[in-house]
Colleague: 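A single structure is presented below for examination.
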Amino acid sequence: MSKRPKPLFKVASEFNVSTQSIVDTLSEDGFDVANRPNFKITPEMYEALDEVYGEDRAKSADHEKAREEYESRRSQMMNQRNDSVTLDNVLEPIEDEVGLEPEDDTEDLEPQDDDSGDELDLEPIEEEDEADEQAEEEAAKKKAEAEAKAKKEEEEAEAKKKEEAEAKKKAEAEAKAKKEEEEAEKAEKKEAEAEAKESEQEEDDEDDEEDEDTESKKSDDDEDEEDEDVIRGSAGKLKGTKVLGKASFTTERKPRKKRKRRKDRKDDSSSSKSDSDNKSKKSRKKRKKKTEIDETDVDKMMRETMKKMQSSKTVGSKRQKRRRERKEEREEELQKQAELEELESDVVETTEFITANELADLLGVGVNDIISVCMSIGLMITINQRLDAGTIELVAEEYGKEVKFIEAEEMDEDLTIPEDDEEDLKPRAPIITVMGHVDHGKTSLLDYIREEKVAAGEAGGITQHVGAYQVVHNDNEITFLDTPGHEAFTAMRSRGAQATDIVILVVAADDSVMPQTIEAINHAKAAGVPIVVAINKIDKEGVNPDKIKTQLSEHDVIVEEYGGKVQYAEVSAHTGQGIEDLLEKVLIEAELLELKANPDRRADGVVLEARLDKGKGIVSNILVQGGTLRVGDPFVAGPCFGRVRAMENDRGKRVKEAGPSTPVQLMGFDEMPQAGDKLIAAEDEKLAKEVANERMQIRREQAMRTTKHMTLDDISRRLALGEVSELNIIIKADVDGSIEALSGSLQKLSTDEVAVNIIHTGAGAISESDVLLASASDAIIIGFQVRPTTSARKLAENEEIDIRLFSVIYDAVDEVRDALEGLLSPEIKEQMMGVVDVRETFKVSKVGTIAGCYVTEGKIERNNPIRLVRDGVVIYDGEIDALKRFKDDVKEVTSGYECGISIQGYNDIKVGDQIESYKITEQKRTLEDSAG
Ligand SMILES: Nc1nc2c(ncn2[C@@H]2O[C@H](COP(=O)(O)OP(=O)(O)OP(=O)(O)O)[C@@H](O)[C@H]2O)c(=O)[nH]1
């Protein structure tokens, strides 16, 4: 099974047992399981269950498979029955095994039959049999049976010479009766066929007998063979009934048999030119055609092979050979990818915060179903409500789909550029990133190439930094991304943009393969980008490039010299030695990649950098990857909209348009894009604005709902997005005993997906330092029978720290467990209504202690329960006995007023205590609440 936990109800249905049985079994195995439909069954639990119920499941799967096979066989049989040749087809396998004597019709033999002479010899006879059967079918099969039986009876009668007349009468009567019966049965096809089979068997018996009779006259030798034949024939018969259902036999052999049999029948019986005869002709024609095609295929392949051989002889160029190899490799890769995609058909791609309606479309279900699934997990949603990752995942899981969350930018189908036609593609310059370990000479190499190559090619050279530059080598353009190092490369990739075609891996010859070299190799491999190795600083004395090559081969970068495919050049960024060679090799690699793009369409590209220029406004360096970007084009880059106001190339020249692989500095953004944002030009401005707006909305929603720190409500969402693997908790409680109990229970909630870490515990009120610790370690705070101090509460609000207060340990455990399982908090909640400070106390005889109080927060109601808190610790939980304003009993007192309170059954009230008034509320949780 997959590594993901599954809901209990699904596992139950998988094993076909009740959820209670699963719970019982798991509890026996020491797992802590609750009988809730959505309780997550971890892979360990699943394994344990598999041990107990696996066999049953396998059996039921076998059973199901057998049933399916039976169904398909049955339907095939049914189909064949509608065909006039059904019976033959069904019987073919039997007759294959029935060795019957050789016969004529050699002209019918097919080349493939040549290798199986036996079979050939046998077939015509099968056909004879079949032909007989067919003839009988066509000329009243049932009569034959009746006659045969009558004959038998006649023979018996002759032998006995008694009751001859009676016997005949009986026979006739029986025959007639049978005829009648059979005619009646004709209406019921199935029964008729069953009858037919019976009659065939009987006929076969007779045929065999006849064969014996006639052939016994020939010779003794023949007799032996016949005996064998007869024995085999009868064995075949027995098998025949069994084989009936083996659909594969009949279907596989159908065309060949059909054709031969028809031909045979035509020659032998010439009873009628039925439709099936015509069919057989057709099939023969088809067959011939097929062989013709085969021949042409073979011819073609031969020619291709010859051509390849010749070309390798005449041209023999390494480059061509490599190109072919690469092409094959790429095709293989594509095939693999296609296979993977097929496997991933159960995975749906979406962004977070799609609406319920959109999710319904995505899953192919009605929006009402989505709403009811949400209701079943205690979530009230509306059609247009945007759902967070946790909810989307939970709902999708209900429909057996896995969700892969992607960036909003990847979703817009309106803007997505359709795939280019092969004929529209034109060669484009390769885009190169230089990577390597610190100080191995990346910058020096880039600088050298920029200065030497550009300065040499064009007066003035590169005047400004546009994030990339183009050089021309042997009339071929190469685009270099200006920022070396894998950070830039990975930052780009992490945003889904792949700008690089080839990586130049720089390794200093005077050093060795270093950690960042390995990282660069891994990044390039992960991105599927080929590497060209540049062994730098070759000008230095005593350097050993061979050592580098050996080291590289240990990391699967095997240079050509060592039998690999990676090209390498020994260069010096100081002297320029080998740089030409390096560029040449880069071009070879590029040629192998057959880099192409369609310049005649809407442009797309990637943002390399963006900055705010005082005079020009937002200036962004863009690399156009496909199409042509023109001044005036509206575009979207990430959530930013824009219209191209002006563009400058890497020589600082104003340009009106930029084609594939061209870096430009672009002005015209409305908002600042981020490096790695994908830019897509739009046909109309309105659509571009809409798309940008939608993306912005999703980003805003993300910003709004994403809390700075971990919260219990947010954890399921973060889990779904794969952002968290641990939940840090700080526990504060009234006494050490509660801490132990709580931390023990909470730690047990750790799952494969998320580990629960108790990072700090302590007795007493929740203090500022607790909140600071939570902030630093991204933890939530659980308070059991304690309260945060006022300053801690304020700090927690500022820092967005989740503080949960409980009075019952089980409540705390349940709430954390639910959060980890992606469920929302329980519907019953405690709501704080008001807080009063005790400023004075009076002892009144018969009444007890009366507290003179001041309402500091909310309002205090006579009928709500209260808690007495001293130094942040809850010391009493009870009810108000009397609530007074001056001498009057009142129902409630609001904040800013004084009042007198006495507590039922509790007199130990002290000045400085706080009394909290709270209410138990039942509420339907919504996403907004959970995001709150
Ligand atoms: N002798 C010699 N020194 C070189 C060569 N290339 C670079 N260097 C020196 O190596 C040092 C590092 O070069 P950089 O180009 O800054 O290396 P880098 O890989 O860009 O380094 P970071 O930017 O720190 O990652 C500098 O002192 C260069 O002068 C070369 O081909 N030969």
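Whatever order the structure lists them in is the order used to number ligands and atoms, beginning at 1. Here, residue 1 is the first one in the sequence, and each next residue gets the next number.
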Colleague: Looking only at distances, please establish whether an N/O atom of ligand 1 is found under 3.5 Å from an N/O atom of Ala573.
Modeller: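 Yes, Ala573 has an N/O under 3.5 Å of an N/O on ligand 1.
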Colleague: Should Glu561 and Lys549 count as an ion pair when the cut-off is N to O under 4.0 Å?
Modeller: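 The answer is yes: the pair qualifies as a salt bridge.
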Colleague: Should you measure from each heavy atom of Asp439, which atoms of ligand 1 turn up under 4.0 Å away?
Modeller: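 Those qualifying, in numeric order: 10 (O), 12 (C), 17 (O), 18 (P), 19 (O), 21 (O), 22 (P), 24 (O), 25 (O).
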Colleague: Describe, in one word, how the ring planes of Phe669 and Phe635 are oriented to each other, choosing from parallel (under 30°), tilted (30 to 60°) and perpendicular (over 60°).
Modeller: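 Perpendicular, since the angle between the ring planes exceeds 60°.
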Colleague: Assess whether a salt bridge exists between Glu589 and Lys585, defined as any Lys/Arg side-chain N lying under 4.0 Å from an Asp/Glu carboxylate O.
Modeller: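 Salt bridge between Glu589 and Lys585, a charged N being under 4.0 Å from a carboxylate O: no.
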Colleague: Only heavy atoms count here, so choose which of Ala534, Ala509, Gly436, Ser444 is nearest to atom 13 (O) of ligand 1.
Modeller: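 Looking at heavy atoms only, Ser444 sits closest to atom 13 (O) of ligand 1.
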Colleague: I need the atoms of ligand 1 closer than 4.0 Å to a non-hydrogen atom of Asp539, numbered in the order shown.
Modeller: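 Taking each heavy atom of Asp539 in turn, ligand 1 has 1 (N), 2 (C), 30 (C), 31 (O), 32 (N) under 4.0 Å.
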Colleague: May I ask you to list the atoms of ligand 1 that are less than 4.0 angstrom from any heavy atom of His440?
Modeller: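 Here the atoms of ligand 1 in question are 17 (O), 19 (O).
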Colleague: Which ligand 1 atoms, with their elements, are less than 4.0 angstrom from a heavy-atom of Val438?
Modeller: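 Ligand 1 atoms under the 4.0 Å threshold to Val438: 24 (O), 25 (O).
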Colleague: Side chains of Gln470 and Thr479: donor-acceptor distance under 3.5 Å anywhere?
Modeller: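 Per modelled atom types, Gln470 and Thr479 side chains form a pair under 3.5 Å.
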Colleague: Before signing off on this row, confirm whether Gly441 and ligand 1 have an N or O atom pair separated by under 3.5 Å.
Modeller: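 Among all N and O atoms of Gly441, at least one is under 3.5 Å from an N or O of ligand 1.
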Colleague: Mark up the atoms of ligand 1 that fall under 4.0 Å of a heavy atom belonging to Lys442, in ascending order.
Modeller: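 Close to Lys442: 15 (O), 17 (O), 18 (P), 19 (O), 20 (O), 25 (O).
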Colleague: Give yes or no for whether the N/O distance cutoff of 3.5 Å, strictly under, is met between Lys537 and ligand 1.
Modeller: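 Right, the criterion is met.
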Colleague: Tell me, with the steps shown, if Asp633 and Arg645 meet salt bridge (Lys or Arg N to Asp or Glu O under 4.0 Å).
Modeller: CA-CA 8 Å; Asp633 281 353; Arg645 269 207 332 262; over 6 Å; no
Colleague: Short list, please: which atoms of ligand 1 are under 4.0 Å from a heavy atom of His437?
Modeller: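 Answer for ligand 1: 19 (O).
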Colleague: Output, in order, the C-alpha distance, side-chain angles, deciding distance and verdict of side chain to side chain contact (heavy atoms under 4.5 Å, CB included) for Ile449 and Leu583.
Modeller: CA-CA 9 Å; Ile449 294 170; Leu583 296 180; 4.3 Å; yes
Colleague: Do the side chains of Asp604 and Arg601 get close enough for a salt bridge, i.e. N-O under 4.0 angstrom?
Modeller: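 Yes, Asp604 and Arg601 are salt-bridged.
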Colleague: Under 4.0 Å from a heavy atom of Lys540: give me the atoms of ligand 1 that qualify, with their elements.
Modeller: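 Here the atoms of ligand 1 in question are 1 (N).
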Colleague: Please tell me whether Asp511 and His440 have a donor and an acceptor in their side chains that are separated by less than 3.5 angstrom.
Modeller: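 The answer is yes; a qualifying pair exists.
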